[in-house]
Every structure is written in C-alpha cells, then in structure tokens.
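Written out below as structure tokens is the structure these notes cover.
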Amino acid sequence: MPREGLKKSERITNRFEYKEVIREGRLIDRGAYKAFLLIRPDLDSSAGFIAGKAVGKAAKRNRARRVLREAYRRLKVRLEPGGFKVVFVAKQDAARLKSTEIRLDMEELFERYGLLRKHDPC
RNA sequence: GGAGUAGGCUAGGUUGUCGCGCACAGGUCAUCCUGUGUGAGGAAAGUCCGAGCUCCAUAGGGCAGGGUGCUGGGUAACACCCAGUGGGAGUGAUCCCAAGGAAAGUGCCACAGAAAGCAGACCGCCAGCUCUGCUGGUAAGGGUGAAAGGGUGAGGUAAGAGCUCACCAUUGCCUUCGGCGACGAAGGCAGAUCGGCAAACCCCACCUGGAGCAAGACCAAAUAGGGGAACAGAAGUGGCCCGCUUCGCCAGGAUUCCCGGGUUAGGUCGCUUGAGGUGCGGGGUAACUCGCAUCCCAGAUUAAUGACACCGCCGGUGGCGGGUUUGCGGACGACACGCCAUUGGUACAGAACUCGGCUUAUUGCCUGCUCCGGGU
RNA sequence: GGCGCCAUCGUCUAGGGGUUAGGAUAGGUGGUUCUCAGCCAUCAGACCGGGGUUCGAAUCCCCGUGGCGCUA
C-alpha cells in the first residue's frame with residue numbers, strides 16, 4: 001500500500017539541490033505557480049517548495065507553501081516513484097487558491113511529461 | 001432609537017479521514033515503522049524604547065556626542081504604568097499635553113506696517129513759528145500684523161499718557177494655612193504691567209562604553225602552511241568595535257617548550273524554568289507587591305499547525321408561519337421574529353535567544369457613563 | 001533573524017523655518033525649415049501619508065507606508 005506521507009527525506013532541503021534543479025531543470029509557468037522539473041532516470045523523486053517575498057508577508061508565504069505541498073502530497077501516490085526532481089515556486093495567486101484546484105493543475109502538468117502512472121492503483 | 005465615550009472578554013467548534021515538527025517508549029538497531037503526549041499570538045508584526053544574556057578588559061576619569069525633563073509612587077529597567085498638580089479641547093461623559101530655565105548669554109521674528117525688541121511719530125490730536133510747510137509734545141483714536149508695552153471709570157492736561165486714584169486682571173515678593181511634593185487658598189506689599197521662539201544654539205538636573213544569538217562556544221571534512229604556551233617587556237608602534245584625550249590592559253623581537261590553530265558549504269550546543277502562568281489569602285486608592293499551594297505550557301532551521309467533510313456564526317435573495325401597525329373591522333403594504341432552501345463571507349495575521357512596554361493592523365460581543373430625539 | 005540608510009515635477013536633482021518650491025532632461029503648443037533634428041518663445045507638471053511644535057513646516061519632532069543596502 002503506497003503511503004500518502006511526505007517526510008523530510010522526500011523533500012529538497014539543501015541549497016545545492018535547489019540550485020541544481022533550478023539551473024538544469026525545465027521551467028514551466030502555470031499561472032499560480034512556477035515549476036522547475038529535472039528529469040533524470042537515476043534520481044529518487046523529491047520535491048521542494050519556495051515562496052519568495054513577491055507572494056506577500058510571512059502568513060501568505062506559509063499559506064502558499066502549504067497549499068502547494070498538500071497538492072503535491074495528494075498527487076504523489078499516482079506518480080512514478082523515481083526519475084525526477086521538482087521545485088515549485090509560488091506566485092501571488094497561490095495563497096488564494098484551494099489545494100484541490102492546484103492538484104488538478106499539477107495532474108495535467110505531470111501527465112504531459114509522462115510521469116503519471118498508466119494504471120491507477122486506486 | 002441615534003450619536004459618542006471609557007473599560008473588559010473573545011479570536012469558531014468538534015469528531016472522522018489523510019498529513020507535518022518535537023519529546024518519550026517499544027520494535028528494527030544506517031534507514032525506517034508503531035504507539036502515546038504535545039504543538040503560534042493579542043498583536044507572534046513594526047523594530048520605536050527599556051532590560052536580561054554573550055563577547056570585547058572587570059567597562060575607569062574628562063571632553064564631545066546622544067537621551068530624558070511638572071510632582072509623588074511602581075518596577076530589574078524605561079521615553080512605560082498608576083495616582084495627583086497645572087494648562088488646553090468639548091454642551092457633556094471624557095480626552096490631549098517633550099509641561100525645567102527667556103532678569104546667564106547668543107541668535108531669529110519674513111511679508112505688511114510709521115514703528116518688531118536699549119520700542120516707535122505715517123495719518124490724526126495739541127502747541128509754537130519765518131505758515132501749500134517746518135519744529136516740538138503726545139501712544140487715547142485709525143490702519144498693518146501671529147504679536148503694537150493691561151482693562152473700565154474718574155481726576156488731570158495745551159493735547160495726552162499708570163501721570164495720579166478706585167476696582168478688576170496679570171506678574172513678582174512677603175506672611176499665614178493645607179499638602180510628603182508639584183501646587184492650592186486667604187491676606188498684604190510693589191505701578192511693577194520691558195514680548196514670543198529653547199521639537200533655535202544654549203544653561204541646569206539626571207542617565208548613557210561598544211556590539212549583538214548571524215552574540216558566542218565546540219565538532220567534522222576540504223584547503224593553505226604555520227599556530228600556541230612560557231620568559232622578558234624601556235621607548236616607539238598597533239589593538240581595546242563612531243570621535244578626541246588621560247589612565248590602564250593586551251600584543252610584537254629573540255630564546256625555550258608544545259602541536260595544534262585560522263577560514264568556510266555542513267553539524268552540535270547556546271535553546272527554552274522564566275523579573276513564568278494559575279488559584280487562594282494579606283498590604284496598597286491604584287500601578288504593583290508579599291506569602292502559600294500548584295502547573296510545565298512550541299522550539300523549527302528550504303523552516304513544523306494544513307487539507308476534506310459536517311455543524312455553528314454573520315449578511316443577501318426566495319418561500320412559509322403566526323404577530324404588530326389609524327377610533328373599530330377588512331384588504332394591501334411596511335416592520336421585527338421563527339423555520340426551511342439557496343448563495344456569499346468567517347478578520348488581522350505565523351514564534352526564530354528571552355522578557356517588560358509603546359505603536360500599528362484587525363473579528364465578534366458585553367458592561368458603565370454622556371448628549372440628542374421620541375413615547376408613557 | 002539582526003543592524004542601518006533614503007523618499008521633492010514622468011526621470012535626475014537644488015533648497016535644512018518666511019513672497020508664486022529653483023534647475024536640467026522628457027512632454028504639450030506656436031515659430032524657424034520643403035521636411036526632420038537643432039534652435040527660439042511659451043505652457044503644464046512635485047515636497048510619500050497622518051499628527052505635533054511654531055504666527056508660519058518640504059525643512060524641526062513623533063507615528064506609519066514604501067524602497068534600498070550591510071551582516072553567515
């Protein structure tokens with residue numbers, strides 16, 4: 001049974017990892033957020049979340065980061081277990097939207113790059 | 001009912017599902033899994049003040065610089081708080097005030113106006129003369145200005161003026177009374193009545209060394225070749241974290257001994273038990289404080305509190321129900337209330353070493369008081 | 001997180017208590033030219049917001065807002 005949790009070990013917490021993904025990954029603009037996607041077969045999949053000053057003050061930044069993380073967590077079960085790293089950068093709209101809306105948008109994103117599993121286990 | 005004013009409380013809820021940080025216990029003993037407990041604020045914010053704590057030397061003297069400025073009290077401390085005094089705003093409840101000194105000195109008071117700081121003669125008024133004017137006297141009147149050297153009345157005079165007198169206002173001094181005090185009250189004396197600005201320089205009193213947890217201590221890896229201790233220590237030099245100076249402290253060259261030290265992605269400590277909360281009792285008008293009991297209540301570091309559902313709460317729209325509304329009855333309309341459906345909203349905002357304040361942002365409600373309008 | 005600095009026409013700036021806030025560029029209008037540039041004339045345009053001190057504040061003081069820099 002696949003877990004729905006998102007531990008610290010499955011997140012990007014290192015400055016160099018962030019720089020690597022942002023430098024070498026592909027930039028995709030999705031309106032409410034931006035995503036840097038780095039696809040390489042040898043990688044364990046992991047995700048990072050950034051909310052800069054442009055989003056707002058501390059409360060809005062926290063909200064935006066949580067919404068992105070929740071959306072990714074819900075979606076993670078249906079993604080390939082390895083082969084990519086992704087960094088989500090929140091924009092101003094992210095704090096206003098619901099996590100379910102973001103998840104639908106993310107699903108479309110991952111499907112386009114072939115990271116969504118063909119056979120849904122659920 | 002409306003408007004206002006002061007104070008206080010609150011910061012949606014829970015269970016279910018999924019998820020996160022930390023602590024403890026157990027299983028596995030890299031990892032990871034399970035269970036239990038616990039997990040943001042009144043402003044956590046702005047960083048405007050005050051402290052603790054850490055390092056620089058234990059933080060010294062003088063100057064400069066900076067800060068504070070009615071009185072008494074509270075406090076670890078404050079520019080904060082409480083109680084008062086004086087002044088100001090408002091019909092009032094109530095609120096506001098950096099509120100010492102202008103006879104220590106310097107400076108400034110634009111424009112306008114005759115004159116603006118040892119006052120002053122443009123018009124006017126009065127007197128004189130060599131009479132289309134000039135000279136002298138005069139601050140009662142006009143006009144200017146933010147501000148023109150008290151007000152009213154009488155006497156007085158050439159015309160006038162605290163020039164003189166009475167009363168009133170103000171200021172200073174003295175005495176008595178009340179108050180710890182700021183100050184207040186009463187009486188007397190002095191024609192005294194020659195401004196304002198010190199958030200202009202300044203004077204007086206008091207306070208003030210600097211930097212800040214990215215302080216500071218340690219570990220590991222990589223890199224480069226030095227680093228530390230002891231002895232000695234006159235002068236000179238450098239440092240001691242805004243400046244100057246004095247005093248003081250530390251360091252250097254050589255020798256001897258020892259092997260660790262510096263920097264930087266990273267990690268550990270600092271890191272949460274504290275001027276702590278709650279309850280009861282005492283002291284005090286109050287701020288606050290004393291005693292006893294009891295509790296442990298976030299510690300992250302790409303940074304933990306979220307998502308979904310349901311129920312609340314508030315507003316809009318629609319429907320239904322009973323009720324109120326002119327002397328009576330009825331219809332319509334309006335009004336508030338209850339129920340149901342639907343739709344939207346449910347603030348400001350997120351601990352980062354820790355406290356005490358201030359300021360700003362903001363949700364819902366309660367209580368006291370004041371003014372205005374209406375009814376009985 | 002901590003510490004510090006700044007704010008004046010669209011832009012860059014002067015002014016540090018006193019007439020209508022000055023200048024340079026950019027802009028509008030008119031002239032010169034066959035036309036444009038340039039030149040000449042002329043016009044419009046600002047003290048970040050709110051309180052306080054003062055007779056009077058862009059200037060002095062306090063509170064806020066926005067922007068920028070330093071620090072491992």
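Throughout, a chain's letter reflects where its sequence line sits, starting with A, and its residues are numbered from 1.
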Please figure out whether G48(A) or N62(A) has its closest RNA chain B nucleotide nearer the 5' end.
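Going by which nucleotide is closer to the 5' end, it is G48(A).
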
Should R63(A) be listed as having a side-chain N or O under 4.0 Å from OP1 or OP2 of U305(B)?
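So the side chain of R63(A) is outside the cut-off, no N or O lying under 4.0 Å from OP1 or OP2 of U305(B).
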
Within the structure, does a side-chain N or O atom of R69(A) lie under 4.0 Å from either OP1 or OP2 of U305(B)?
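Result: yes.
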
Thinking salt bridges, do R30(A) and D105(A) make one under a 4.0 Å N-O criterion?
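Looking at D105(A) together with R30(A), the answer is yes, because their closest N to O distance falls below 4.0 Å.
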
Does a salt bridge link R74(A) with E70(A), judged by any charged N lying under 4.0 Å from a carboxylate O?
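Counted as a salt bridge, because a side-chain N and a carboxylate O are separated by less than 4.0 Å.
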
Complement of A307(B), any strand, by Watson-Crick or G-U distances under 3.5 angstrom
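Pairing partner: U17(B).
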
What does G266(B) pair with, Watson-Crick or G-U, if both distances are under 3.5 Å?
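Checking every strand shown, G266(B) finds its partner in C219(B), with both distances under 3.5 Å.
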
Could you work out which one of [options] sits closest to the side chain of [X]?
X: R73(A); options: A304(B), U302(B), G19(B); value: G19(B)
X: A59(A); options: C18(B), U305(B), A349(B); value: A349(B)
X: A58(A); options: A304(B), C18(B), G350(B); value: G350(B)

Using a cut-off of 4.0 Å on non-hydrogen atoms, how would the nucleic acid contact of R61(A) be classed: base, sugar-phosphate, or nothing?
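The residue R61(A) makes no contact with any strand.
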
Atom-to-atom span, [atom1] of [X] to [atom2] of [N] - whole angstrom:
X: R66(A); N: A304(B); atom1: CZ; atom2: C1'; result: 8 Å
X: K60(A); N: A303(B); atom1: NZ; atom2: P; result: 22 Å
X: K76(A); N: C20(B); atom1: NZ; atom2: C1'; result: 13 Å
X: I102(A); N: G19(B); atom1: CD1; atom2: P; result: 21 Å
X: K57(A); N: U362(B); atom1: NZ; atom2: C1'; result: 14 Å
X: F49(A); N: A303(B); atom1: CZ; atom2: P; result: 9 Å
X: E70(A); N: A304(B); atom1: CD; atom2: P; result: 14 Å
X: E101(A); N: C308(B); atom1: CD; atom2: C1'; result: 14 Å

Run the numbers on M106(A) and Y33(A) for side chain to side chain contact (heavy atoms under 4.5 Å, CB included), then give the verdict.
CA-CA 10 Å; M106(A) 264 187 200; Y33(A) 62 95; 3.4 Å; yes

Relative to each other, are the rings of F110(A) and Y72(A) parallel, tilted or perpendicular (30° and 60° limits)?
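Taking Y72(A) first and then F110(A), their aromatic rings sit tilted (interplane angle of 30° to 60°).
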
G105(B): syn or anti, with syn meaning chi within 90° of zero?
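You should classify G105(B) as anti.
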
